[in-house]
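Let me begin by presenting the structure, written as C-alpha cells, before commenting on it.
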Protein chains: 2
Amino acid sequence: MTETAPRPTLEAVAARAGVSRATASRVVNGGDGVRRPLAERVLQAVEELGYVPNQAARSLVTKRHDAVAVVIAEPETRVFADPFFGLQLRGISKELTAHDTQLVLLLTEGRDDHARVGRYLAGGHVDGALVFSLHLDDPLPGLIQRAGVPTVFGGRPGWSDGTHGIAYVDSDNRGGAREAVRHLAGLGRTRIGHITGALDQTSAADRLDGYRDVVGDADPRLIAESDFTPAGGERAMRELLENRPGLDAVFAANDLTASGALRVLRERGLRVPEDVAVVGFDDMLPVAEQTDPPLTTVRQNIEEMGRLMARLLLRGLDRDDPEEGADDTPRSIVLPTTLVRRASA
Amino acid sequence: MTETAPRPTLEAVAARAGVSRATASRVVNGGDGVRRPLAERVLQAVEELGYVPNQAARSLVTKRHDAVAVVIAEPETRVFADPFFGLQLRGISKELTAHDTQLVLLLTEGRDDHARVGRYLAGGHVDGALVFSLHLDDPLPGLIQRAGVPTVFGGRPGWSDGTHGIAYVDSDNRGGAREAVRHLAGLGRTRIGHITGALDQTSAADRLDGYRDVVGDADPRLIAESDFTPAGGERAMRELLENRPGLDAVFAANDLTASGALRVLRERGLRVPEDVAVVGFDDMLPVAEQTDPPLTTVRQNIEEMGRLMARLLLRGLDRDDPEEGADDTPRSIVLPTTLVRRASA
DNA sequence: GTGAAAGCGCTAACAA
DNA sequence: TTGTTAGCGCTTTCAC
C-alpha cells in the first residue's frame, strides 16, 4: 500500500511540448483543429510523462462522468446463485468498456439500501443507470425517476402506469413460453403443467401468459406457483404431482426450477421424458447441460441483453441535446428466444 | 432520459443558511467545531435544497475518491458460471457500503484488457483495488504494482518472489484439503484419488499439497489434473477410473468438478459413497446441495473473504500517514475452513 | 490554429 | 468558532 506518486498534470504536458494548456487539452481530447506537428509533440509529451487525465477535474467542468451505475436490487440469496446477473454484467461491461465508460456496481440488500441508492443516483455521480430485477412493489423506480438519471431497465418494468417512455431490454418471455409449450404439445402431450417463477416479476408473469396462450383455459391444478429457485421447483413439482397425478409434461419458468422438478420426478420413479417431458427457460448452460437428463429449454441471450442495455443507455447519453419530441431512438428492445432441444423433452 | 436539473451547490446552501461556504462545508463533513445553531441552520438548508456534495469537486481537492476498483481477471467462461465471484462481490459490497465507498467493477476479457485496467488504476481514479483470480503468469500484478495503487488480492498470489509485503485474503486451502482427505481415510478408504483444479492458481496447488500431506507419496495415477469445471471433472474422473480402477475415494478440488465426477461415477454404475466416496471443496450451496447424492465438502466462507478484503484495504487507506515500518496492520488473512458432511462421503 | 483567462464546486490554510 | 482566500486540474469561451 504505497502512497501514490504525484501524477503529471496537463500543465506539465503542455510545458514539455512547448504549447499552452489549452492546446494540450485539445490534443488529449481528440485533437480537432490542432496542426499536426504540434499535436505530435503533445502526444509525445503525454507518452513520456505517462500522463493520464484527472477525471475529477474533467468531470467538474464537463459535468460528465463517463461512468454508469448498475443497480442490482435482488435479495441476497438469489443474486449470483444464478449465473444470470454475471452474464448480464459481462455484456454490460464489454459495451461500456468499448465506450470508455466505467461501471459502478450498486448491490442492494433491502429496503434501507434503496434510500442509499436513490441518494447516490441523485447525487449526480454517474451519467446514467442500468437497473435490474425489479419487483412489482419496488420503490426503486420512483426514486430513480425523481433522481432524474437516464435509466434503462433490465426486464420489462411492471408498474401499473404502463411502460410509456421507459427504456428497457427484455427477452420475449411470452413468445418463448409459447414455443416451449407448443413443443410439448407437438410431442403429443396433453396434460401440460406449468411451474411459475416469482410472479411479482414480469418475466414470470409473461411466461405464465405464454403458457396460457397455448393451453387455453388451463386446469388451475396444472399451475403451481414458485419462485425461480431449485427448492421452489421441487416444492411445486410435488404439488403438481399431488394435484394432477396424470400430467405428462411440465414447462418450468426457468432452468433452476426445472432442475428441482427433475429431481422430484426421479425420486418418484418417473422417467423423463417418457413419463413426463420437461422444458425449462434460460438455457443457463451450467445448469441445463448438467441435469439428468440434459434440459430442453428456451434460450435467451443474456449477455446480449446486457450489452444492449448499455448501448441503449449510452446512445441516449450521446444525444447531447435531447430535444423533446424529436426522439427517434427506440426506447426499448425485446429480444427473440430460441428453443434448444436436449433430452428432457 | 431527462436532462438532470442543475443541482444546488454548497454556495447555495451557505447563502440560504446565512453562513460562509467554509462553515457549510464543515457541517456537511461532520460538523466539528461549528456551533449548534449554525450547524442546524446549515443542515436545514441542505435538507430543503436537497443538496448532495459534488464528488468530483471534492475529489479534486482531497485527492480521495471514496471508490475502490474490483478487478476480476478471469476468462469469460468461468466467471459467474460459478457463484464464487458473486458471493465475494456481495461481501465486498457490504463492507464498502458501510464505509460510504463505491465499487467500480473492472472485468477483463483477455490480454488487451490488462493494459486498460493498468491505465485505469494508474489514472488515480480510485483509492485502492481488490484483485481476483490471478494466474501464475498474469501480468496484472506487475501493472498494479507500477500503478502504485493500494491493493488487496483475493487468494494468495503465486509469483515467485514470495508474498512479502503483499496483502491478500485466502482460505486455508491446504488445511481444508487435509481435512477432506483425512475424512476419507477415516472412512477406511485406502485408494484416495485427487482431481486437481487449474494448477496455475495457488488455490489448486495448495489443495494438491494438502492432499499430498495426508496420503504421502501418492501413486501418480491417483492424481488427475483438471480445471475447476464440471466438464473437466468428468474428464478427470474417467482418467482416474481408467488408470486406477480400484480407487475407492476421490477428493475433488471444488464442487463443480466433483459434480462432474459424480456424473461419471453414476454413468459407470458405481455407487456413491459405497463404491467411491467423494468430497468436494467450496460448499457452493446451489451445487453441493443439489448433486445426487448431496456432496460432502469443505466449506469456505466466501462472502466473508470478500468482506475482509474490503476491510483490509479500507484500513490501509485510513492510515492517512502510512509511515514505513510503523506498520502493524496484518498484511494478510487466511480463513479457516470446515468440513460439511452430506451423503457423498 | 493557438493562447490567455475564467471558472467548474469544493476543501483547507490562514486570519480574524 | 467563523469567514476569506487560494487553488485542486481541467475545459472552454474569447481574443488574437
Side-chain angles (χ1 to χ4, degrees), chain A residues 4-43 45-46 49-67 100 122-127 320-321, chain B residues 4-43 45-46 49-67 100 122-127 320-321:
Chain A
T4 358
R7 313 183 23 64
T9 71
L10 190 56
E11 183 76 52
V13 172
R16 181 165 194 124
V19 300
S20 74
R21 222 165 58 223
T23 299
S25 172
R26 288 184 189 110
V27 173
V28 168
N29 292 290
D32 302 340
V34 176
R35 256 190 269 271
R36 273 298 269 289
L38 272 202
E40 264 158 23
R41 259 158 54 206
V42 172
L43 254 17
V46 164
L49 263 31
Y51 170 76
V52 184
N54 178 323
Q55 184 63 41
R58 180 179 276 175
S59 294
L60 190 55
V61 30
T62 60
K63 270 108 177 58
R64 291 214 33 155
H65 304 264
D66 295 314
D100 270 311
H125 303 301
V126 290
D127 301 322
D320 29 353
D321 183 31
Chain B
T4 359
R7 313 181 25 64
T9 70
L10 191 57
E11 184 76 53
V13 172
R16 180 163 195 125
V19 301
S20 73
R21 222 165 57 227
T23 299
S25 173
R26 288 183 191 110
V27 173
V28 168
N29 293 290
D32 302 340
V34 176
R35 254 191 271 271
R36 272 299 269 288
L38 272 202
E40 264 158 23
R41 258 156 57 204
V42 172
L43 255 16
V46 164
L49 263 31
Y51 170 77
V52 183
N54 178 324
Q55 185 62 43
R58 180 180 276 175
S59 293
L60 190 54
V61 29
T62 60
K63 270 107 175 59
R64 290 216 33 157
H65 304 265
D66 295 315
D100 269 310
H125 302 302
V126 290
D127 302 322
D320 31 352
D321 183 33

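Throughout, protein chains are lettered first and strands after them, A, B, ... in sequence-line order, and every chain is numbered starting at 1.
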Locate the shortest heavy-atom distance separating A:Tyr51 from A:Val28; write the atom from each residue and the value.
CE2-CG2, 4.1 Å
Going from CD on B:Glu11 to OG on B:Ser25, what distance comes out if it is rounded to the nearest 0.5 angstrom?
12.0 Å
Encode nucleotides 6-16 of chain D as B, S and - characters from 5' to 3', where the letter depends on protein heavy atoms closer than 4.0 Å: B to the base, S only to sugar-phosphate, - to neither.
B-BBBBBB---
What distance separates A:Thr23 OG1 from A:Arg35 CZ, expressed to the nearest 0.5 Å?
11.0 Å
For A:Ala122 versus B:Arg7, what's the shortest heavy-atom pair and its separation?
O-NH1, 3.1 Å
Please round to 10 degrees the angle between the axis of the first five pairs and the axis of the last five pairs in the helix from C:dG1-D:dC16 to C:dA16-D:dT1.
30°
If every non-hydrogen atom of B:Leu60 is compared with every non-hydrogen atom of A:Ala56, which pair is closest and at what distance?
N-CB, 4.1 Å
Shortest non-hydrogen separation from A:Asp66 to A:Asp100 and the atoms involved:
CB-O, 3.7 Å
Check B:Gly124 against B:His65 and note the closest heavy-atom contact, atom names and distance.
O-NE2, 2.9 Å
Heavy-atom check, side chain of A:Asn29 versus side chain of A:Arg58, under 4.5 Å
yes
Taking every non-hydrogen atom, the tightest pair across B:Ala24 and B:Ala14
CB-CB, 4.0 Å
A side-chain contact here means heavy atoms from C-beta on lying under 4.5 Å apart; do A:Val13 and A:Val42 qualify?
yes
Nucleotide range of DNA chain C contacted by chain A, 5' to 3', under 4.0 Å to a heavy atom?
C:dG1 to C:dG9
